[in-house]
Amino acid sequence: MEENFSRRLKTAVAGDPGASLVFLGNFEVEEEWARGETGLPRLSSAGNSAVVNRMEEFALLLGDADDHVVLKARPDEDYLDHLRRLGLSLPTVHVVAGQRPDHLVTRDALADDALIAGLGELADRGALLAPHGVSALEEELAARARLPLAAPPAPLCKAVNSKVYSRRAADAAGLRQPRGWACETLDALDAALAHAAELCEQGVTLMVKEAFGVSGKGIAVVDSRRRLDRLHTMITRSARAAGSDRAAFVIEERVAKDRDLNYQITVGRDGSVRLDFVKEALTEGGVHKGHRFPPDLTTRQLDEIRHAARLLGKQLASDGFFGVAGIDAIVDTDGGVFPVIEINARNNMSTYQVRLQERVLAPGQSALARHYPLRLRRELPFAAVRRLLDGLLLPAPGEEGLVVNNFATVNAGAGSGPYQGRLYGLLVGAPERLPALDEAVSKQLATLTEEPADVR
């Protein structure tokens, strides 16, 4: 039987390649991990929260025919047909009774007693719960459904996901890092910022990062001593107002960056470590915008990533962690690799692309994963998208075109009046053809905003 990611994952987290998993796409679990932590000021919007919470539909792509997935709403049937036509087997879908746009899927599930009872029946048949990441909420859902977790406990996941852990793990492994410091208390922060102030006065730009920030949030760029002192005062006041001396932050020199990389390892319960992939991460202002793979890296650069993956996986296993870990890295403008900027103790956007790429990419092909912002006036069915992108959607594995890999985010903000949505997709084809394909898709989708006619 051909090895694939689904069987590797099940072997790693359940010890059985034929295990049945219940997937839960609780994206931005970091928001739960960050509760009670001293942080930096941040802004959010209800509309954006609704879109992010519908990213749970990505979990549909992790499950095979013998698996299950909990979703906030039933997927568009034409979208499911789009996936099935590409030969993708899909898990059984379980939908919460009454989803709230501002709720993570886990909170919706916890409010649905009938769903919990159904999950308990799956537990009786040997299924395990496989969340995007594990916080106290997912532990509560697992306990109420009597559904064992296919993951480490929440405190360990939170600890590993901390940027403080990442920096200390890289130090222990002897891996190259930007100059910087990690701290978890106000006293340690005072000492770290005293050293950082010396760099500021030398004209060095710094990054002050919350330990549990995500998607570009919780990061401050500091290019002056005055700015650094203001941040120091704000963090100290915030912690003391909360009656805490905890201040989990990383302060690092900003590196002259050429490219962002993302790679994933799967750590087995038996301590085994597997490097699943390396991709170029496309970011804008620290916010994830997509992936390009395979990446254009030299043999030396790839060897450095493989070396780091092996050492970090060994460290994670020794600390009791198992399952998927995503690691962010960068290539500097001199071609050097910083192989660990942070470790994510959860699934990553690229995790949800693996089964698709195994299914649809032919040898010699590349893929570009990205999302397309939409501004819509009324709810958009997938059938309308299929008509609009006629000739641009991937017709069959090994050919050229777009695979939509999340449609729920398109209509997440639907209600009264215009709303923002996102169409996520994977562009597949010869490397030189992808820019033109991307441009063609973007041009067609732009007509949805420009054209007031009924798209149905």
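Predicted model, so just to flag it, every value in this text is computed and none were measured.
- Distance check, rounded to the nearest 0.5 Å: CG of Leu119 to NE2 of His68 gives 9.5 Å.
- For Lys72, the side chain to side chain contact (heavy atoms under 4.5 Å, CB included) partners two or more places apart in sequence, or in a different chain, are Asn53, Arg54, Glu56, Gln99, His103, Val105, Asp108.
- Looking only at side-chain heavy atoms (C-beta outward), Leu199 and His195 stay at 4.5 Å or farther from each other.
- Of the charged side-chain nitrogens involved, at least one lies within less than 4.0 Å of a carboxylate oxygen, so that Arg306 and Asp303 count as a salt-bridged pair.
- Sequence neighbours left out, the pairs with a member in residues 149-161 that pass salt bridge (charged side-chain N to carboxylate O under 4.0 Å, His left out) are Glu37-Lys158.
- Every side-chain hydrogen bond (donor to acceptor under 3.5 Å, both in side chains) that Asp276 has, sequence neighbours left out, goes to Arg8, Gln264, Thr266.
- Contact check on Asp229 versus Arg225 returns a salt bridge, with a Lys/Arg side-chain nitrogen under 4.0 Å from an Asp/Glu carboxylate oxygen.
- No side-chain heavy atom of Lys257 sits less than 4.5 Å from a side-chain heavy atom of Val331.
- Note that the CD atom of Glu138 and the SG atom of Cys157 stand 9.5 Å from one another [nearest 0.5 Å].
- Phe293 has its side chain within reach of Leu361: a pair of non-hydrogen atoms, C-beta onward, lies under 4.5 Å apart.
- Geometrically, Arg370 engages Tyr372 in a cation-pi contact defined by less than 6.0 Å to the ring centre and at most 45° from the axis.
- Judged as a salt bridge (Lys or Arg N to Asp or Glu O under 4.0 Å), and not counting sequence neighbours, the contacts of Arg176 are Asp332.
- Applying the side chain to side chain contact (heavy atoms under 4.5 Å, CB included) criterion to Ala247, with sequence neighbours excluded, gives Leu186, Leu189, Ile235, Phe249.
- Asp67 pairs in a salt bridge (charged side-chain N to carboxylate O under 4.0 Å, His left out) with only one of the listed residues (Lys10, Arg355, Arg7), which is Lys10.
- For residues 19-29, the salt bridge (charged side-chain N to carboxylate O under 4.0 Å, His left out) pairs, not counting sequence neighbours, are Glu28-Lys217.
- Looking at Leu175 and Phe338, their side chains never come closer than 4.5 Å, going by heavy atoms from C-beta outward.
- Between Tyr424 and Tyr352, the ring center distance fails the sub-6.0 Å criterion.
- Looking at Arg167 and Glu252, a side-chain N of the basic residue comes within less than 4.0 Å of a carboxylate O on the acidic one, giving a salt bridge.
- Contact of the Ile341 side chain with the Gln177 side chain is not registered, since no non-hydrogen atoms from C-beta on lie closer than 4.5 Å.
- Salt-bridge annotation for Glu304 and Arg300: present, with a side-chain N of the basic residue lying under 4.0 Å from a carboxylate O of the acidic one.
- Looking at Asn344 and Asn161, their side chains come closer than 4.5 Å, going by heavy atoms from C-beta outward.
- Between Leu423 and Leu374 there is a side-chain heavy-atom pair separated by less than 4.5 Å.
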